[in-house]
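A note on names: the letters A, B, ... follow the listed sequences, proteins ahead of strands, and every chain is numbered from 1. Remember, predicted model here, so these are calculated numbers, not experimental data.
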Number of protein chains: 2
Amino acid sequence: MTQIENANKGNITPEMVEVASRETVTAEKLMEDISNGRTVVVKSDLHECRPVGIGRGLGIKVNANIGTSVFHCELEPELEKLAASIRYGADTVMDLSTGGDIDTVRRTIIESSSVPIGTVPIYQVITEKKEIKGVTASDFLESIRKHIASGVDFITIHAGLLKEGIPLLKDRIMGVVSRGGSFLVKWMLHHDKENPLYTEFDAILDMAREHDVVLSLGDGLRPGCLADATDSAQLHELKVLGELAQRSLAAGVQVMIEGPGHVPLDQIKENIDLQKKYCNGAPFYVLGPLVTDISPGYDHIAGAIGGAVAAAYGADFLCYLTPKEHLGLPDLEHVIDGVIASRIAAHAADIARGIKGARDRDDAMSRARSNLDWKGMKELALNPEKVETFMETDLKDSSEVCTMCGDYCSAKVNKEERAKYSG
Amino acid sequence: MTQIENANKGNITPEMVEVASRETVTAEKLMEDISNGRTVVVKSDLHECRPVGIGRGLGIKVNANIGTSVFHCELEPELEKLAASIRYGADTVMDLSTGGDIDTVRRTIIESSSVPIGTVPIYQVITEKKEIKGVTASDFLESIRKHIASGVDFITIHAGLLKEGIPLLKDRIMGVVSRGGSFLVKWMLHHDKENPLYTEFDAILDMAREHDVVLSLGDGLRPGCLADATDSAQLHELKVLGELAQRSLAAGVQVMIEGPGHVPLDQIKENIDLQKKYCNGAPFYVLGPLVTDISPGYDHIAGAIGGAVAAAYGADFLCYLTPKEHLGLPDLEHVIDGVIASRIAAHAADIARGIKGARDRDDAMSRARSNLDWKGMKELALNPEKVETFMETDLKDSSEVCTMCGDYCSAKVNKEERAKYSG
């Protein structure tokens, strides 16, 4: 039985207990929110990993994308990125490999990971079939079957992108920026057929249910620039995703909804509100969103701004962006920067949403700072190694102050003066 | 006559005309907002530089802090940071030098800068007087006089930190984190006297008026961690700053208000609203704010999140933070990262606030992306050099796609398919 089926029967599963133990909700509350589709617990029954809760009242989660490409198809660097992603705080990792031996890469990543792994099965269809005319509906289903059988915990399925949505793209600057979405548009136009991920959705539900794989309903028409944000194409697809989410819930299959992308800061709240409305409160998984288009090289920062605001308004799950977004496949250092940037956004939102205890680590850091306890500061930092590197050059031997203020350090003065006014 | 005195008489100055030409408001509107204290035009009449408008209806401005410290007291690296700050989009630069020949450093920075320069004159008092007992009220005034005479365009004055505010600090984790603030608290406790920057405020106004130097009323009691945010000490000082702003305006002296610091994401709007209320809409100059305390090494990112949200809600001027914040004096690369992070925040807020034309560069970038025009993308990026570096490794020769998606590039597919649905 899936988590939903158990929740519907009032059964608290070991996964619910484990997830609740790391959150500030009870297992009973978690069960209720799984049953009504507000929360998912991500973990395939084929994968030995930590179950991760995403949804109402839970801490904001972060996903890191890794995976090979045609130009970088070795497995080893991706395993290093996997380890670093987990080490620096990614709650889940998606393997988006499109190069090399994709099946082996995926299986090895799943085996090596202590956190849930997601994939986008259509990528393998894209990479293995060079000619659109030879791709059939069953190719899409076969790829999904294979990914689920190999133990992935969640899969992105662009099932809401319908033929009738395509003409809505005509006034866009960027058109379709989702790799899966652009391939499906091409397929539908070539074959003059409806999206097979939509027409065969019941078959996909059956496969997902078998191993309790969470469906992440992808937004193939997500806006790829600010000018295209919140347009009719995006909202058309979002409504379809809402209907599919209801069908999933009814079928006992856990589901979350993917969202943009590129969204002006002042449209983020509206985007969250629309998703929660159309999708009946299903967990919302956003990519960024980027609040500007002009920050290549720094898109992890533009994404952290959008992610923090989105999560504060109700998004549940943040997909990281790295400094390499729009420019190339990230290296290890970019993956780390991306994870940390998204963790900052998620943490800021946890505090803003009033998650109990969310600020404890900040308070501990502040006490360490107040006491000029540099070791404590390092240990409490999101990236202790980075702090260590800076301290090596900036913390002077036998000194308690750093190179910025030296002896004019306010914390030092404060320590001395404090007794005089605190009594 | 100062800009305010001119504005009060209905005179449109050359500086107003120049500022208006770079903004989306008319010189008449600018004059009106200068007269009522909602906007300042930063430029000393002793400094040949670009006048910068900060305030109502104008684009969000960014400040970069540079300057020597005891451990790094050479001039040359600071001049490189100045040039980089301007190159990457800082609208003003503050020289916070506390090491080496401070007067020469300041004068050289002012002479070398095409943008307005700010300073914190009290820092020089702190560094030149080792014993608190020997520091007199006239030392503070003399330092201000000297800075103004050397041509600074704006100065931070912590005039709102009163003796009666000190007991309000007793429950704080971080106490006083402003260098100027902690020194003033120490001075007041030692001498048992009121803050001389407050008692001698009229003399300071006279000096500022003489060369139309903008007073930036510093928040010596700004919170230094989330736990201390929006507390009674901070708000006590903010109210005093509001009164001082009114006195400045009445005296024909342009003024802006400095703000936090460290603020939880959900308290940022309240902080902006309180400042605008207590200070009658005076321009608000915020440091960050940081939305978490646990991001040393990445505080430019936590600050960009807070800065974007603060500016979207009405802050006017963002002081950057670098990755070195809390850990040491920034190097050139950290200065660049800090400026870009704040520029992203400012730009995102300009778009959110509906500044006319703010999104034009984003739209041009998106058109370049849609056309796989890598040269155009590079030129439109906030940091073309960074993009160039990434392109060298990631853009394959004679290829129009990057190493992330290769031939599965959605933009490439999109270019091919677009004609089929756009007609």
Side-chain angles (χ1 to χ4, degrees), chain A residues 69-71 126 166 170 173-177 179 182 186 189 225-227 264-266 291-298 301-302 304-305 308 312 327-329 340-341 344 347-348 351-352 361-363 365-366 370 381-383 386-387 390 394 402-404 406 408 410 413-414 417 420-422, chain B residues 69-71 126 166 170 173-177 179 182 186 189 225-227 264-266 291-298 301-302 304-305 308 312 327-329 340-341 344 347-348 351-352 361-363 365-366 370 381-383 386-387 390 394 402-404 406 408 410 413-414 417 420-422:
Chain A
S69 82
V70 175
F71 299 105
I126 299 175
I166 298 174
K170 67 177 168 29
I173 291 182
M174 285 294 297
V176 186
V177 297
R179 272 186 283 180
S182 64
K186 188 173 173 178
L189 290 172
C225 63
L226 299 187
L265 193 50
D266 58 312
V291 292
T292 176
D293 304 323
I294 62 171
S295 56
Y298 300 85
I301 299 179
I305 294 171
L327 296 171
L329 200 73
I340 299 273
I344 291 171
H347 182 68
I351 294 169
R361 187 167 161 189
D362 299 76
D363 292 354
M365 172 68 85
S366 304
S370 186
L382 287 171
N383 185 344
K386 171 87 90 173
V387 173
F390 284 170
D394 291 283
C402 82
T403 56
M404 166 124 21
Y408 316 124
S410 65
V413 174
N414 214 47
E417 300 302 313
K420 298 180 189 162
Y421 62 77
S422 292
Chain B
S69 82
V70 175
F71 300 106
I126 299 175
I166 299 175
K170 68 177 166 33
I173 292 182
M174 285 295 296
V176 186
V177 298
R179 272 187 282 181
S182 64
K186 187 174 175 180
L189 291 172
C225 64
L226 299 188
L265 193 51
D266 57 313
V291 293
T292 175
D293 305 323
I294 63 171
S295 55
Y298 301 85
I301 298 178
I305 293 171
L327 295 172
L329 200 74
I340 299 273
I344 291 171
H347 182 67
I351 294 169
R361 187 165 159 190
D362 299 76
D363 292 353
M365 172 68 84
S366 304
S370 186
L382 287 170
N383 185 344
K386 171 88 89 174
V387 172
F390 284 171
D394 290 284
C402 81
T403 57
M404 169 134 4
Y408 316 125
S410 65
V413 174
N414 214 49
E417 298 302 314
K420 299 180 190 163
Y421 61 76
S422 290

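- Options A/D266, A/I294, A/L329 differ in how many heavy-atom pairs under 4.5 Å they form with chain B, and the most are formed by A/I294.
- Two residues are said to be in side-chain contact when any heavy atoms from C-beta on lie closer than 4.5 Å; A/Y298 and B/L382 fail this criterion.
- Summarising the geometry of B/I126 relative to A/Y408, their closest heavy-atom pair is CG2-CD2, 3.5 Å, with the distance given to 0.1 Å.
- Taking CD1 from A/I305 and CD1 from B/I305, the interatomic distance works out to 7.0 Å, rounded to the nearest 0.5 Å.
- Interface residue B/K386: only side-chain heavy atoms are found under 4.5 Å from chain A.
- Of the two parts of B/I340, only the side chain, counted from C-beta on, holds a non-hydrogen atom closer than 4.5 Å to a non-hydrogen atom of chain A.
- Residues passing the side chain to side chain contact (heavy atoms under 4.5 Å, CB included) test with B/N414 are A/V176, B/R418, B/Y421, sequence neighbours excluded.
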Exercise. Does the pair A/M404 and B/S69 meet the rule for a side-chain contact (heavy atoms from CB on, under 4.5 Å), with working shown?
Worked result: CA-CA 6 Å; A/M404 166 124 21; B/S69 82; 6.0 Å; no
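- For A/L189, the part lying under 4.5 angstrom from a heavy atom of chain B is the side chain only.
- Looking at heavy atoms from C-beta onward, B/I351 lies out of side-chain contact with A/L265 at the 4.5 angstrom threshold.
- Between the side chain of A/S370 and the backbone N or O of B/I173 there is at least one donor-acceptor pair closer than 3.5 Å.
- Of the possible donor and acceptor atoms, none in the side chain of B/D362 sits under 3.5 Å from a partner among the backbone N and O of A/T292.
- Here B/D363 is the residue among B/V291, B/D363, B/V70 with the most heavy-atom pairs under 4.5 Å with chain A.
- Between A/M365 and B/D293 the shortest heavy-atom distance is CG-O, 3.2 Å.
- Both the backbone and the side chain of B/A227 come within contact range of chain A, with heavy atoms under 4.5 Å apart.
- Checking side-chain atoms of B/S410 against main-chain N and O of A/R179 turns up no donor-acceptor pair under 3.5 Å.
- Each of B/A308, B/S295, B/S366 has some count of heavy-atom pairs under 4.5 Å with chain A, and the biggest count is that of B/S366.
- A pairwise comparison of heavy atoms in A/I301 and B/A341 identifies CD1-CB, 4.0 Å as the closest pair.
- Scanning for side chain to side chain contact (heavy atoms under 4.5 Å, CB included) contacts around B/V387 gives A/P296, A/L327, B/K378, B/A381, B/M391, with sequence neighbours left out.
- Proximity to chain A involves both the backbone and the side chain of B/V177, based on heavy atoms less than 4.5 angstrom apart.
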